[in-house]
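Scroll down for the structure; my scribbles are underneath it.
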Protein chains: 2
Amino acid sequence: MEIKWDERGLLPAIVQDAQSGAVLMLAYMNEEALRLTLETGEAHFWSRSRNELWHKGATSGNVQRVRDVRVDCDVDTILLKVDPAGPACHTGEYSCFYRTLTDE
Amino acid sequence: MEIKWDERGLLPAIVQDAQSGAVLMLAYMNEEALRLTLETGEAHFWSRSRNELWHKGATSGNVQRVRDVRVDCDVDTILLKVDPAGPACHTGEYSCFYRTLTDE
């Protein structure tokens with residue numbers, strides 16, 4: 001399957017808890033991040049703010065064991081189903097989507 | 001809450017089935033799409049391929065009733081929880097993520 005990387009060489013990757021079904025976060029992958037994710041079985045991303053490869057949980061210990069890697073119909077978005085070792089969010093929240101749009 | 005639109009004035013929006021928890025699709029919103037989504041209670045997006053506003057289901061009838069609009073910690077991604085009236089995918093599949101990366 002031919003993956004359609006965007007003009008930056010990136011793809012959005014949705015991370016979903018394989019057990020609860022909760023959407024945990026959205027991050028971006030480049031080709032190396034996807035390769036390392038598949039090779040190691042742990043989620044890797046490309047940090048657009050730090051401009052570097054990012055092994056999720058390398059510092060915090062909150063790694064994400066990958067159970068399933070799905071692609072959408074256009075092959076331009078990834079869905080990772082994971083078992084998270086801890087909170088997905090840097091705020092300490094279980095999911096990055098802990099607020100509704102109308103919250104303060 | 002100050003939404004962080006990207007350099008194109010867009011945001012990725014993850015669409016999740018409010019009942020089953022399945023991730024259905026990822027699309028993009030501009031400010032008008034978000035406003036119309038909030039005003040009408042039905043998902044609207046910005047089509048990057050057609051370069052136009054897109055009321056999901058306007059043609060197919062497969063509208064998505066919006067139950068919850070969440071934002072992530074960085075306020076640069078939207079999570080819509082919806083009740084879909086039919087398949088999310090233009091292929092007729094319930095979810096756009098019907099294939100694993102290793103499928104043909």
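Each chain gets a letter, A, B and so on, in the order its sequence line appears, and its residues count up from 1. The shown structure was predicted, so the numbers you read here are calculated from the model rather than taken from an experiment.
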- Measure from the side-chain N and O atoms of A:Gln16 to the backbone N and O of B:Ala22, and report whether any donor-acceptor pair falls under 3.5 Å. no
- Heavy-atom donor-acceptor pair, B:Arg99 side chain to A:Val71 backbone, under 3.5 Å: no
- In one Ile/Leu/Val/Met/Phe/Trp/Tyr side-chain cluster, 4.5 Å: B:Trp46, B:Trp5: no
- Any sub-3.5 Å donor-acceptor pair from A:Glu93's side-chain atoms to B:Cys73's backbone N or O? no
- Task: Taking all non-hydrogen atoms of both residues into account, name the closest pair between B:Leu101 and A:Met1 and its distance.
- Result: O-CE, 3.4 Å
- Based on non-hydrogen pairs under 4.5 Å, which of A:Ile14, A:Thr91, A:Leu38 is most in contact with chain B? A:Ile14
- Cluster overlap B:Val23 with B:Tyr28, hydrophobic side-chain contacts below 4.5 Å: yes
- Are side-chain heavy atoms of A:Thr77 and B:Phe97 found at a separation under 4.5 Å? yes
- Query: Tell me, do A:Leu26 and B:Asp76 make a side-chain contact under 4.5 Å, heavy atoms counted?
  - Reply: no
- Connected via hydrophobic side-chain network under 4.5 Å: A:Leu80 and A:Leu10: no
- Does one hydrophobic cluster hold both B:Met25 and B:Leu36, with members joined at side-chain heavy-atom distances below 4.5 Å? no
- Message: Let me check something: do A:Leu53 and A:Leu11 share a hydrophobic cluster, defined by ILVMFWY side-chain heavy atoms less than 4.5 Å apart, either directly or through other members?
- Response: no
- Message: Using 0.5 Å steps for rounding, measure from the OG1 atom of B:Thr100 to the CG atom of A:Leu79.
- Response: 11.5 Å
- Query: Between A:Asp6 and B:Arg48, is the closest basic N to carboxylate O distance under 4.0 Å?
  - Reply: no
